[in-house]
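Structure first, then comments.
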Amino acid sequence: MTQTSSALILKGKPVADKILGELGASIQALAARAGRPPGLAVVLVGEDPASQVYVHLKGKKANELGIATFDHRLPVSTPQADLERLIARLNADPAVDGILVQLPLPAHIREEAVLRRVALGKDVDVFHPENFGLLALKQGVLKPCTPAGVIEILKHYGIEIPGKRAALIGRSKIVGLPLSLLLLHENATVTVCHSRTKDIGAATREADIVIAAMGRARFLKADMVREGAVVVDVGINRVDGNLVGDCDYEALLPKVSAITPVPGGVGPMTVAMLMVNTVRAFRLHALPEEPLQGEGR
Ligand code: NAP
């Protein structure tokens, strides 16, 4: 076995910049034809510091691109009915193309009930169960942001997916489960590991592409991957004030052929894909006669 330290670093920012550059260039002309800009409503309940950062980043990026944002910051004590009434109002608002409800919601709010209220065509996070069903059947117009971002990174760096064995760690409804479907649609052979999997290493060592999306700092060790594997780290964990992924990056580096860093890997892609979805939703609402382009995205 030969060891290599020339792993390709799969940085997300250049990929996100490219996608956002193309999107930004098209928005002005689209807005001129539609007579209005795309609109994104951002709903934040409570004052969770990480959520505040994410919401700020998303709003800032949207405004830079020429997407109008509608900020709704609600107190942590907001009753379920009030939140659902707000969603109904945003559903009916013709200036709003996408509705982003930042998760997690406070414990007294029934998250599933709120997410089901979001109009299917404005569900830019793709959290509504009907949109998830359409995604599973490969009929969705919008793709979930973080999973779609992972696929975009792999494609951008020329990493072949069809016919490859992909192992995922994590099966959450936001990342692991939808990503397993996107990989399947890309013709990978997919293994999904989770907290009840008996021997995760046995599954990941078989894989050409290993994706960790579990929220456990530095879980994926060098002895859990094969020589030359491609590793994607979706995890974001705070350890002693630092951001670390689900992968033992330094230990994996000499063994893998490519790996995403944390931070700077998948993170920037999530925001970029949210912008892509908002503009797609806008086009469907405001310019329904024009065919969508960039179907792969
Ligand atoms: P989640 O909802 O907590 O799901 C975690 C998944 O990992 C579950 O399926 C769980 O299995 C599995 N898991 C947890 N511990 C495990 C263990 N010891 N062994 C095997 N499987 C285990 O988390 P999430 O929302 O998917 O997020 C995962 C990570 O990605 C987090 O660090 C999050 O911060 C990060 N994230 C990053 C982005 C980004 O933009 N980069 C976006 C979203 C999330 P069970 O199903 O059996 O419980």
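Counting starts at 1 for both ligands and their atoms, in listed order.
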Quiz item: Contact between Thr197 and ligand 1, counting heavy atoms under 4.0 Å?
Solution: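 Thr197 does not count as a contact of ligand 1 under the 4.0 Å cut-off.
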Quiz item: Can you find a non-hydrogen atom of Ala213 under 4.0 Å from ligand 1?
Solution: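 Right, Ala213 reaches ligand 1.
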Nearest non-hydrogen protein atom, [atom]:
{"atom": "atom 42 (C) of ligand 1", "answer": "Thr146 OG1, 3.3 Å"}
{"atom": "atom 46 (O) of ligand 1", "answer": "Arg171 NE, 2.7 Å"}
{"atom": "atom 44 (C) of ligand 1", "answer": "Val175 CG2, 3.8 Å"}
{"atom": "atom 29 (C) of ligand 1", "answer": "Gly215 N, 3.6 Å"}
{"atom": "atom 6 (C) of ligand 1", "answer": "Gly170 CA, 3.7 Å"}
{"atom": "atom 40 (O) of ligand 1", "answer": "Thr270 OG1, 2.6 Å"}
{"atom": "atom 13 (N) of ligand 1", "answer": "Met214 CB, 3.9 Å"}
{"atom": "atom 35 (C) of ligand 1", "answer": "Val234 O, 3.4 Å"}

Practice problem: Measure the CZ-CZ distance between Arg196 and Arg171 for me, rounded to the nearest 0.5 Å. | Solution: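 It comes to 8.0 Å.
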Practice problem: Mind checking side-chain hydrogen bond (donor to acceptor under 3.5 Å, both in side chains) for Gln80 and listing every partner two or more places apart, or none if nothing turns up? | Solution: Glu84
Quiz prompt | Option nearest atom 45 (P) of ligand 1 (shortest heavy-atom distance, choices Pro263, Gly265, Ser195) | solution = Ser195
Quiz item: Looking only at non-hydrogen atoms, which of Leu243, Val266, Ile236 approaches atom 33 (C) of ligand 1 most closely?
Solution: Ile236
Quiz item: What are the atoms of ligand 1, with element, lying closer than 4.0 Å to any heavy atom of Gly267?
Solution: 40 (O), 41 (N)
Exercise. Please state which part of Arg216 comes within less than 4.0 Å of ligand 1, counting heavy atoms only: side chain, backbone, both or neither.
Key: side chain
Quiz item: If we only count N/O pairs under 3.5 Å, is Asp246 in contact with ligand 1?
Solution: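 No; every N/O pair is 3.5 Å or more apart.
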Quiz prompt | Test of proximity, Ser172 against ligand 1: N or O pairs below 3.5 Å | solution = yes
Practice problem: Establish whether atom 3 (O) of ligand 1 and some protein heavy atom are separated by less than 4.0 angstrom. | Solution: no
Self-check item: Contacts of Leu243 that satisfy side chain to side chain contact (heavy atoms under 4.5 Å, CB included) - sequence neighbours left out
Solution: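 Testing Leu243 for side chain to side chain contact (heavy atoms under 4.5 Å, CB included), a comparison that skips the adjacent residues, returns Ile236, Arg238, Pro263.
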Self-check item: Check ion pair Asp97-Arg280 (N to O, under 4.0 angstrom)
Solution: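 No, no charged N to carboxylate O under 4.0 Å.
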Self-check item: Asp246/Arg216 salt bridge by N-O under 4.0 Å criterion
Solution: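 No, no charged N to carboxylate O under 4.0 Å.
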